[in-house]
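For reference, the structure is listed below as structure tokens.
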Number of protein chains: 2
Amino acid sequence: MIAKDSLPVSIKAVAARAGVSIATVSRVINGVANKASAETIARVRKAAAELDYRPISAGRALRNRQTHMVAVLASNLANPTMTAIATSAEAALRRAGFVMVLCDTHDTADLQDEYLREMRARQAHAIVLLGAVDSAQLRAVASSDMRIVFVNRRHPLGWQSSFIGIDNAAAAVELADTCMENGYRRVAIVHASKASSATQERVDAMCARFRERGRSVSANMILTADSTDHLRIGLESGLRLSGRRAPDAVVAMSDLIAFGVHRALAEAGVATFPRIFGFDDNPLNDWIAPWLSSVRIPYSDFGPAIVDAVRDELSAGRARTRILPHTLVLREGRRDPAGTDRR
Amino acid sequence: MIAKDSLPVSIKAVAARAGVSIATVSRVINGVANKASAETIARVRKAAAELDYRPISAGRALRNRQTHMVAVLASNLANPTMTAIATSAEAALRRAGFVMVLCDTHDTADLQDEYLREMRARQAHAIVLLGAVDSAQLRAVASSDMRIVFVNRRHPLGWQSSFIGIDNAAAAVELADTCMENGYRRVAIVHASKASSATQERVDAMCARFRERGRSVSANMILTADSTDHLRIGLESGLRLSGRRAPDAVVAMSDLIAFGVHRALAEAGVATFPRIFGFDDNPLNDWIAPWLSSVRIPYSDFGPAIVDAVRDELSAGRARTRILPHTLVLREGRRDPAGTDRR
DNA sequence: CCCTCCAGGGAAAACGTTTTCCCTCATTTT
DNA sequence: AAAATGAGGGAAAACGTTTTCCCTGGAGGG
């Protein structure tokens with residue numbers, strides 16, 4: 001086997017080896033019909049294969065003014081659910097011929113802006129905002145031709161835009177109903193910032209449902225904490241909760257929050273453990289959180305949906321909303337450290 | 001506020017607006033000294049700011065034959081530890097002026113090859129192999145000038161190369177010693193494919209240590225399963241384990257494997273629960289796996305180390321090995337579903 | 001007063017593609 | 001037999017940068 005040239009092989013090299021012009025090579029590579037004889041095609045293919053040629057993407061990008069690159073801007077990669085969605089996106093994008101660049105905005109406008117600008121400069125094919133936050137560039141970008149897809153959280157300003165997510169209100173209603181059917185009378189709600197449309201929708205829908213069924217929702221049963229770290233929010237809220245008369249159930253607006261609550265209650269050594277509900281259904285729950293019931297987001301459906309959205313935005317559709325089906329996963333596993341399950 | 005041009009603003013526009021040539025704009029943007037008067041610099045800066053100009057990266061890439069893009073090829077993004085490292089890498093790379101493209105090779109040679117070729121075509125600044133597998137392109141790429149950094153797993157063929165990871169042998173010895181100090185006489189070892197240098201080193205070092213201290217290591221206490229899914233490996237091994245006389249301790253070569261083992265034992269309803277050890281120390285362990293002791297990999301140190309490696313490879317160093325410090329995190333939390341902790 | 005040198009800045013080449021023209025034959029149609 | 005058509009393929013422009021030359025004017029030194 002011959003050692004490869006250390007300098008990258010360009011279309012010129014292939015053309016020379018095949019004895020044709022670079023135009024012909026380009027056309028063969030791109031499968032342009034009726035522009036080369038079968039014999040020429042074969043010769044070019046052979047030369048390309050022998051040299052292990054692959055077009056440098058910078059040249060293509062310059063000419064075509066677009067790369068086959070999709071940027072995923074996630075608000076928090078420490079959240080396993082985000083990475084699960086990103087993982088699904090990666091696979092689907094690869095199958096569709098894209099590569100994924102993954103960015104963590106840490107839920108800040110500054111970082112999101114920085115990345116939006118960077119991705120514009122890199123001519124990303126599309127940008128997926130996995131948990132968008134309001135920011136200057138986000139507004140500016142609306143007037144450009146940039147393809148943007150919102151996932152989980154809608155546009156912070158409510159502007160019309162492509163969206164992928166679950167029906168948060170419906171899921172919240174299901175949770176409320178489940179609580180009432182199980183006879184839980186004292187239900188605590190723990191949530192992160194309501195700047196997130198998802199959180200807002202969930203909390204609002206739950207409260208509305210309770211009231212609709214004639215239950216009052218006391219304000220001090222709705223807890224939150226000033227942080228972007230869901231674990232911490234859960235922990236702090238859980239500690240505050242453990243100081244009072246115990247609730248029958250706790251509904252956390254994300255699994256991470258639920259983890260925090262659970263830990264707080266466990267460490268506080270509460271006597272009776274409440275039923276705990278979450279959102280997302282972390283892929284690991286079956287394995288390590290058998291005490292957690294959760295609204296499962298269909299991670300693996302997100303990838304394909306994102307690819308669809310990216311393609312749609314390209315053609316015409318613009319601003320389609322895709323609601324993916326969620327499932328309420330009820331788990332009955334041990335719920336407290338002492339093993340004194342109440343059922 | 002004026003609506004932005006929908007067509008991207010190029011260096012030409014800035015030059016026109018500032019009344020200078022594009023050469024000057026380029027030099028000002030790139031901070032080339034002694035090539036522009038203070039006044040000119042100010043004018044160019046102003047024009048660039050007003051147009052919100054940022055150089056299209058394709059142009060740069062073409063000219064400079066390199067992008068500021070680092071590809072991270074992970075063997076399994078479903079593993080939270082991998083994503084934790086990737087997350088750390090993302091942050092560090094961003095601070096260093098790079099963007100990260102994240103790829104999942106699913107531990108297959110085909111996908112790794114496909115991505116290696118793709119990233120060569122995209123002129124990635126460097127490639128980080130987070131769990132490399134042997135593949136044709138991996139061998140081919142050695143003779144090119146591509147910068148490659150191996151993380152966690154060394155080069156599958158043992159070739160000299162940049163490496164970042166922990167001292168697996170030392171950690172394994174610590175684990176073995178801990179087991180012996182605690183008086184665990186029947187210790188089971190569960191591992192994934194030994195094609196991974198990390199796994200190999202861990203298992204070998206543990207066995208060696210046991211023998212060194214005069215303990216025999218019976219083959220039927222070393223379990224594995226034919227899968228790349230660590231959870232499944234753990235589950236299957238755990239089920240086999242639960243059919244026999246219970247071990248005092250189980251050492252899993254990754255936390256995911258440990259999760260699988262734990263679930264198997266819990267579902268099998270074993271009477272006495274063994275102490276369980278893992279590797280990686282999943283960031284969520286403190287919250288949801290208080291029964292798991294684990295060798296903590298310093299995730300957040302990986303990002304900076306990767307950036308260093310990427311820079312080193314550039315200049316001269318080539319093939320430096322960076323061993324990051326691990327910690328054995330011992331947890332004493334409830335270990336079994338029935339709460340009958342043995343201590 | 002002449003020469004040298006330097007700061008400041010422009011023209012143009014080069015990077016690797018894709019695609020639009022254009023040209024040349026050979027074949028078919030009138 | 002002349003004309004139209006079409007297949008096959010090449011030359012060159014264009015995409016947006018960076019950087020190498022080159023030019024000009026003025027300051028400093030002899």
Side-chain angles (χ1 to χ4, degrees), chain A residues 5 7-45 47-48 51-69 118 120-125 145, chain B residues 5-45 47-48 51-69 117-118 120-125 145:
Chain A
D5 273 336
L7 22 158
V9 26
S10 80
I11 198 173
K12 243 180 286 186
V14 180
R17 179 176 259 255
V20 297
S21 74
I22 62 169
T24 299
V25 174
S26 175
R27 287 190 280 244
V28 170
I29 298 285
N30 294 333
V32 177
N34 286 340
K35 290 299 281 183
S37 67
E39 182 210 5
T40 305
I41 293 181
R43 236 180 28 248
V44 170
R45 290 252 171 79
L51 295 176
D52 196 18
Y53 169 69
R54 181 175 271 212
I56 296 288
S57 66
R60 288 195 133 141
L62 203 51
R63 178 64 217 222
N64 303 340
R65 15 182 46 94
Q66 63 120 317
T67 62
H68 271 58
M69 186 173 88
E118 177 69 26
R120 183 159 59 90
R122 287 187 184 262
Q123 300 173 103
H125 186 91
D145 57 347
Chain B
D5 273 336
S6 81
L7 22 158
V9 26
S10 79
I11 198 173
K12 243 180 286 187
V14 180
R17 180 176 258 255
V20 297
S21 73
I22 62 167
T24 299
V25 175
S26 175
R27 288 189 280 245
V28 169
I29 299 286
N30 295 332
V32 177
N34 286 340
K35 290 300 278 182
S37 67
E39 182 210 4
T40 305
I41 292 181
R43 237 182 24 249
V44 171
R45 289 251 171 80
L51 295 175
D52 197 18
Y53 169 69
R54 182 174 271 212
I56 297 289
S57 66
R60 287 194 134 143
L62 203 51
R63 179 65 219 218
N64 302 339
R65 6 180 58 89
Q66 63 121 316
T67 61
H68 272 57
M69 184 173 90
R117 286 170 53 84
E118 177 70 25
R120 183 157 61 89
R122 287 188 183 262
Q123 300 173 100
H125 186 91
D145 58 348

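Just so it is clear: chains get the letters A, B, ... in the order the sequence lines come, proteins before strands, and each one is counted from 1. Keep in mind that what you see is a predicted model, and the values were worked out from it rather than measured. Values below: every heavy atom of this structure, side chains too, minus hydrogens, waters and symmetry copies.
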- Task: Compare side-chain N and O positions of A:Arg65 against OP1 and OP2 of D:dG16 and report whether any pair is under 4.0 Å apart.
- Result: yes
- Task: Scan B:Thr24 against the nucleic acid and name what it touches under 4.0 Å (heavy atoms): base, sugar-phosphate only, or nothing.
- Result: sugar-phosphate
- Nearest to the side chain of A:Ala23 - D:dT17, D:dG8, D:dG10? D:dG10
- Message: Closest approach to the side chain of B:Ile11, judged atom by atom: which nucleotide of D:dT18, C:dG16, D:dG8 is it?
- Response: D:dT18
- Message: Between C:dG16 and B:Arg63, counting only base atoms on the nucleotide and side-chain atoms on the residue, is there a donor-acceptor pair under 3.5 Å?
- Response: no
- Contact under 4.0 Å: A:Asn30 side-chain N or O vs C:dT18 OP1/OP2: yes
- Item | Quiz item: B:Arg27 side-chain donor-acceptor pair to C:dG10 base, under 3.5 Å | yes
- Query: NA contact type, A:Val32, heavy-atom cut-off 4.0 Å: base, sugar-phosphate, or nothing?
  - Reply: nothing
- Query: Which nucleotide in the set D:dG10, C:dT18, D:dT20 lies at the smallest distance from any side-chain heavy atom of A:Lys35?
  - Reply: D:dG10
- Polar side-chain contact B:Arg60-D:dT17 base: donor and acceptor under 3.5 Å: no
- Note on the structure: Taking C:dT18, D:dG9, D:dC15 as options, the one with an atom nearest any side-chain atom of B:Lys12 is D:dC15
- Task: Kindly point out which of C:dT19, C:dG10, D:dG16 is positioned nearest to the side chain of B:Ser10?
- Result: D:dG16
- Message: Could you check whether any side-chain N or O of B:Arg122 sits under 3.5 Å from a backbone N or O of A:Ser57, counting only pairs where one atom can act as donor and the other as acceptor?
- Response: no
- Pairwise side-chain contact, A:Arg60 with A:Asn30, heavy-atom cut-off 4.5 Å (strictly under): yes
- Could you walk me through whether B:Arg120 and A:Asp52 pass the salt bridge (Lys or Arg N to Asp or Glu O under 4.0 Å) check? CA-CA 11 Å; B:Arg120 183 157 61 89; A:Asp52 196 18; 2.9 Å; yes
- Item | Residue B:Asn64, side-chain heavy atoms: nucleotide from D:dT18, D:dA11, C:dG10 that is nearest | D:dT18
- Query: Which nucleotide, C:dA14, C:dG9, D:dG9, lies nearest any side-chain atom of A:Thr40?
  - Reply: D:dG9
- Task: Answer yes or no: does a side-chain N or O of A:Ser37 lie under 4.0 Å from OP1 or OP2 of D:dG9?
- Result: yes
- Task: Kindly say whether B:Gln123 contributes a backbone atom to a donor-acceptor pair with the side chain of B:Thr67 at under 3.5 angstrom?
- Result: yes
